[in-house]
Every structure is written in C-alpha cells, then in structure tokens.
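Have a look at the structure below before the remarks.
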Amino acid sequence: MTTTEKNDFIREIIDEDLKTNKFQGRVHTRFPPEPNGYLHIGHAKSIRLNYGIAKDYNGKFNLRFDDTNPEKEEQEYVDSIIEDVKWLGGEFEDRLFYASDYFEQMYQWAVNLIKKGKAYVCDLNGDEIRAARGTLTEAGKDSPYRNRSAEENLDLFERMRKGEFSNGAKILRAKIDMASPNINLRDPIMYRVVHEGHHRQGDTWCIYPTYDWAHGLEDSLENITHSICTLEFENHRPLYDWFLENLGIYHPQQIEFARLNITYTVLSKRRLLQLVQEKHVSGWDDPRMPTLAGFRRRGYTADSIKVFCDKIGVSKKDSMIDVAMLEWSIREDLNKNAQRAMAVLNPIKVVLTNYPEGKVEELSAVNNPEDESAGSRMVPFSRELYIDQEDFREFPPPKYFRLSPGTEVRLRYAYIIKCEKVIKDVKGSVTELHCTYDPTTKSGTATANRKVKSTIHWVSAHHAMNAEVRLYDRLFVKEDPNEVEEGKDFLSNINPNSLLVLTYCKLEPMLGTATPGDRFQFERTGYFCADMKDSKPDAPVFNRIVTLKDTWAKIEQKGKK
RNA sequence: UGGGGUGUAGCCAAGUGGUAAGGCAGCGGCCUUUGGAGCCGCCACUCCCAGGUUCGAAUCCUGGCACCCCAGCCA
C-alpha cells in the first residue's frame, strides 16, 4: 500500500491545533456508525480518514457504535461493522465503545441542564411540534410548556424514565431559541419515549437520547479531539457546541467533510436497505452492492479500497467520483498480485486435425509477468481444445486480429494455429472449428518467433474443469441513479443486466484447486474471485471482479458509430 | 424570500499575492506470445461571472450567479 504525503484541510486544522496546543498535543479520532445497516464504501472513506489521521499523528482511534435508536438497530449490524472495520485495517485495539453504555451519564447531564433551566419537558405531540417550529423564513413559537419549573421538569423527566408515559407523549427539549435562523436551535429534542427493546441495553431504558444531544457527549466522554463528520451536520455544529458549553465539559472540535458519491451506484443506507429488503439483490453482501461486504465478496482487496479512499482526497465540495477510479484501484492491485490463468467463458470447440490423437503435452505458462517470483506452471495441451466464441469471427470486421477462416493466431504458451474449416449445425451456427497447428512454433523454442497478429487463450477439452462464472456489471444504468423521471424512483434505473451467469465455462485444471476467496486474472478477460459462499472444490464458482481494459471493445464501438 | 456551505479540465484535486501540481478518464505513438501491463507524448493563455486594489490576483475587496444542506420524537 502506498503511503502518500497527505495534506487536506482537516490535517491543516490539526496541524494548527498542534501548534497552538489546543488539545495538549493529542490527536484522537473516532468512527461512530449507527448499527442500522452494513457499512458501504462511503464509510470506508470516513474510516480511512479517521484512522489515517490517528495513525499519522501518533494518536488514537475509537470504534464507537452510535446506538441511540432501538427501533432501527440490530446485533447483526454490529457484528458486520466490526468485521468490516477490521478488514479495512482500522485498528481500534481495546477501544470499542457503545453510546448506549453512556446513557446513565447522559441522563445525569440532562438533569443538570434541567436544573440550570436550560431544558424542559414538553407535552406537545409530533404535529404540534412541527407546527410550532416555524419555517425556513418564519420564526417558531414557544411551547406552552417552555416555562415549567425546574422541579416539575425534574419530576416529569424522572417519570419519563420510569416508563409512566407512552411513546410520543412527552419529550425533553433544550431551551434555546425558537426564533433562531438555524432551525436546529429551535428548542431541539434531547429525549423521546421509545418503549422498545435495545439490542444491547434490553429494557433498561424507555427514553432514548437524540443524535444532537448524544453525539457531542459521546465524543467528550471519549476525549476525542477532532470529531469528523459529513457536511449535512454542519448546521448542527452550533448545537453540538451549545450542549458542551452549557454543560461545561470537555469540548472536542467538530469538522465536516463531503461524503462520497460514486457514479452508477447509490450510497445511502436507506436505499441499500431497500435493495436488500425488496430482493433486488441477494443480500447485503451481493457482489453488486457498494457495501464493504459486497466488495469483499466480489473480490475487491482491502488494499484497493484503501488506495481508492486515499486517492480521491478530502474536501468540502459535493462530488461524484467516476467509478472508473475505483476500477483502476483494483486493477492496479491485481495486475501486480493476481496469478494468471486461462479460462474459456463461452466455449467453442477447436480440433487440431494434424495433432496426434491421444497425445498430451505439458506446456509451461508464466504465473505472473509482473512478478517473476510467482514462477510458472504446466498446462496440458491436446488435440481438442476450447477457445472463446469472442475469439472467432466467421466474417471478421476491420482490425479484428483474432481467428477467422484462413487466418492464424497463436495459442498462448502453445502453437500457432490456422483455421481451415468451420463446422455448423442445421441452424447455421458455428459448433466447431477445424484447425491445423504449426509444430515449429511451439512456445519457447528457437523457431517459435514467427509473428502473428494475435494471441488467444484456450483450454484442453479433455482436461478442462467445468465451472460457473458470474459476470457482474454496474447495478445501475445511470451515472446518478437518483436522477429519475417524474413519478419513478431510483429502482427504475437498475441495470437488468447487472448479473449474467455462465454455467458452461471451461477452466484450466489448476483453477480446480482454488479455494474460496482466491483471485486470478483470467488472461485477456478480467479478474475473478472464487466465490466465498458458493464455490466448491469440485464445482468452482467464480465472480468477475472487474474486466481487463478492452481496447478492442473501444475500437469496435467506434466502428459502429 | 431565513440560515449554513461549496464553486480550479469530462471526474477528483493541489494551490494560501510572484505568473495553474498530480491522479482517473480521453487522445496519439512505442513496445508486447494477454488488443492486458509497461514506456513516451498531448490534454486549463486560465481558476463561476463582473468590477476593483496591486508592478503582479485562482489567491485580497465589492457586487452578482449557480449548486448542496436544514422545517424526523432518524443519524
């Protein structure tokens, strides 16, 4: 993994804080997910930022679950998040925390604010609250309960905790300013009554703190120095500051950056949840999902995700990163590190009419041209082979260099062959090619240097391993899936061809020994990963991680225009 | 028509008064037993716009414009 000298606006702020000794030279960050879904690559950006800063400044990094809403949170999500953070190399050591463990302290702080006359219990219902909040251009109205005495508020708040009130009957609000131009400051809600079991606290509580009230307290308790969050919380910073100041407790600095967007995908937990629940994908770890679990199963390496996150930078500008950047990151990694193999995805049989029947040669093939230490392997060669349908055209278009009637190509690591005869079935589709091979052109021999326009991959028919290969493509057809026609939603932009399952693929024998999670470059085709759930030694299943760059596809595309 | 933010190439992004880094994409060429990889070259006379200050402005000032966020008892 590359270590680039990073300097973004957040590190500039930290440098300044270090200079002025604002936090006594400490740097302590945190990643505070709510366990209400799986982590996606937008979270990876945040993890890399927070963890990277802690590491670069010799500071500390916490993983903290912001589990303040029992209605949406589950243990399954907690488990998956821990796994994903670890996978990305976010080392939190023994610093795994839960906001819900601070509930008692938060409660006491709320009591403190009530005693100071800075918080009150309000009986207004949801509609009434909304109506009294005012609008963007008009001030709100004070709640009729705003001036209850501290004694009454204390009593009511305690009874809220005891469970005397039903959901929504009462709330605790901060007493700030109903006329503030910042709506977040119009007496925001600190606690609501929620009679619902909590994944960690069980039935201990029936009042739950809101994000605005809780978040700064969590940061303060953990001695966080720089509380890094996304842009939409910028409007909340005055509130974050207000609570900490009025409580008179340790005050971290909140800093906001622009969240990640990537073309041809969605990165919102709400939408990802919908994709899962409505079964547009097979689950949170569907290889088409932009979740970390999805990328992992697809075959992306943690390193490639890290490099991607480090390369896109950090700023406050709303942005949409070209997915090509992500694809570049994984190709870059796998080009250097993936073992090469030959696999025929859409087989067409080739018979070498002048090659002896029953003869088998073992030919040497390089494992990775980018890495000499990867060595080589032997691949069986015989009279009957498979090549890809893509590599033969009966009527070749201009600049098509591969096999066609009467032309020659080299078989990778083997011989030059010439197509002599095309065999078709009654319907006229090509079923088999009769070719001859040139025995003087065996790869690696002195006379093998004759040039042909193209080299194609192949697999010996008798030795081939059958396999299922899943060809994944982008999940959406639009750069911005949220851009939709009137009355439609992002689901209307789902790519109907995002998954193509090929069940008659032919692999070179070595691939039969792949263990789930192993990655290969199928030469000339792309990078593939043995599926971690479905691949079996006798029945391999491979996922296409990403295609190789395909110059020919580009040429062909241009020709059509 | 309130408040908070952001505008540098197709997409990201450096730049902090001294004359526009870098990456991705794209386009040429070289090389190649992967149409992969690699290598070389090209790709902003101009930084949202208009004025102003200055010997000198993407950087400072003034005035516009565009886009994003905020009216959950979500985070």
Side-chain angles (χ1 to χ4, degrees), chain A residues 4 7-8 12 32-34 36 66 68-69 71-72 122 124-126 129-131 133-140 167-173 180-186 188-194 207-208 210-212 214-215 229-238 256 258 263 269-270 311-329 331-332 335-336 340 342 366 369-370 399-402 409-414 416 441 443-444 448-457 479 521-526 547-556:
Chain A
T4 47
N7 74 308
D8 48 66
E12 269 175 27
E34 182 189 13
N36 67 344
D66 202 3
T68 57
N69 184 357
E71 291 178 322
K72 295 184 174 180
C122 180
L124 258 27
N125 66 34
I129 293 266
R130 195 177 315 119
R133 190 152 30 217
T135 68
L136 295 179
T137 53
E138 298 165 62
N167 288 3
K170 283 188 168 46
I171 52 175
L172 183 74
R173 304 175 75 174
S180 172
N182 181 341
I183 291 181
N184 296 127
L185 261 23
R186 320 242 261 229
I189 294 166
M190 295 164 64
Y191 279 93
R192 68 277 204 185
V193 177
V194 182
I207 56 171
Y208 289 89
T210 56
Y211 170 87
D212 283 319
H215 206 85
C229 60
T230 44
L231 247 31
E232 67 269 28
F233 293 105
E234 205 152 23
N235 294 330
H236 296 245
R237 193 172 62 229
E256 312 83 12
T263 56
K269 280 200 196 169
R270 207 211 97 223
K311 280 197 96 81
I312 56 176
V314 183
S315 75
K316 298 190 69 159
K317 190 170 85 174
D318 289 312
S319 65
M320 174 85 81
I321 305 286
D322 192 334
V323 70
M325 191 89 91
L326 219 204
E327 293 175 346
W328 173 84
S329 302
R331 286 193 188 109
E332 169 93 342
N335 174 51
K336 292 190 187 102
R340 312 286 126 126
M342 290 199 285
V366 171
E370 306 293 317
K399 291 184 185 164
Y400 184 84
F401 298 153
R402 285 110 98 163
V409 294
R410 171 171 288 282
L411 295 179
R412 181 88 160 140
Y413 301 122
I416 290 173
T441 59
S443 200
N449 291 333
R450 189 152 67 82
K451 299 283 181 208
V452 285
K453 273 187 174 169
S454 167
T455 298
I456 65 172
H457 58 95
E479 271 202 13
Q521 182 197 95
F522 289 178
E523 292 209 40
R524 305 205 312 124
T525 307
T547 61
L548 247 34
K549 270 216 285 192
D550 190 347
T551 308
W552 164 246
K554 216 175 277 177
I555 294 169
E556 199 176 30

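Worth saying up front: this structure is predicted, and the values here are computed from it rather than measured. Every chain is numbered from 1 and lettered A, B, ... according to where its sequence line falls, protein lines coming before strand lines.
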Exercise: identify the closest heavy-atom pair between A:K316 and A:A258:
C-CB, 3.9 Å
With A:T210, which of A:I189, A:N69, A:T68 fulfils side-chain contact (heavy atoms from CB on, under 4.5 Å)?
A:I189
Just label B:rG72 as syn or anti from its O4'-C1'-N9-C4 or O4'-C1'-N1-C2 angle, using within 90° of 0 for syn.
syn
Between B:rA75 (P) and A:L231 (CG): distance, integer Å:
20 Å
Which pair of non-hydrogen atoms, one from A:E256 and one from A:F233, has the smallest distance, and what is that distance?
CG-C, 4.3 Å
Rounded distance (Å) that lies between atom C1' of B:rG35 and atom CG of A:L548:
10 Å
Please classify the nucleic acid contact of A:L136 as base, sugar-phosphate, or nothing, using heavy-atom distances under 4.0 Å.
base
Atom pairs under 3.5 Å, N or O on each side, protein against nucleotides 57-59 of chain B: can you list them with distances?
none

Write down the distance separating the C1' atoms in B:rC60 and B:rG15, rounded off to the nearest Å.
16 Å
A:R412 has an atom CZ; how far is it from atom C1' of B:rU34, in whole Å?
5 Å
Gap separating the CG atom of A:L172 from the CE atom of A:M190, nearest 0.5 angstrom:
5.0 Å
Please determine, for B:rC43, whether a Watson-Crick or G-U wobble partner exists with both distances under 3.5 Å, and give it or none.
none
Gap separating the CD atom of A:E234 from the CG atom of A:N182, nearest 0.5 angstrom
11.0 Å
State whether the distance check finds a donor on one side and an acceptor on the other, under 3.5 Å, for side chain A:S443 versus base B:rU33.
yes
On the nucleotide B:rG36, are OP1 or OP2 found under 4.0 Å from the side-chain N or O atoms that A:R340 carries?
no
Distance check, rounded to the nearest 0.5 Å: A:R412 atom CZ versus A:E523 atom CD?
4.0 Å
Output the single nucleotide from B:rU33, B:rA37, B:rU1 whose closest atom is nearest the side chain of A:T455.
B:rU33
I want to verify a distance call: between B:rG4, B:rA75, B:rG35, whose nearest atom is closest to the A:R402 side chain?
B:rG35
Mind calculating the distance between CZ (A:F233) and C1' (B:rC69) to the nearest angstrom?
11 Å
Looking at the angle O4'-C1'-N9-C4 for a purine or O4'-C1'-N1-C2 for a pyrimidine, is B:rC61 syn or anti, with syn meaning within 90° of 0?
anti
Return the value, rounded to whole Å, for the distance between atom CZ of A:R331 and atom C1' of B:rC24.
11 Å
Sticking with atom P, work out how far B:rC61 lies from B:rC45, rounded to a whole angstrom.
26 Å
Keeping the roles fixed (side chain from A:T441, backbone from A:I416), state whether a donor-acceptor pair exists under 3.5 Å.
yes
Quickly work out the A:M320 CE to B:rC24 P distance and round it to whole Å.
21 Å
Among B:rG35, B:rA13, B:rA75, which nucleotide sits nearest the side chain of A:K399?
B:rG35
From C-beta outward on A:I183, which listed nucleotide comes closest to its side chain: B:rU6, B:rA71, B:rG23?
B:rA71
Consider the side chain of A:K554, meaning its heavy atoms from C-beta on, and name the nucleotide among B:rC27, B:rA13, B:rG72 that approaches it most closely.
B:rC27
What is the separation between atom NZ on A:K72 and atom P on B:rC74, rounded to the nearest whole Å?
7 Å
d(CD, A:E479; C1', B:rC12) in whole Å:
13 Å
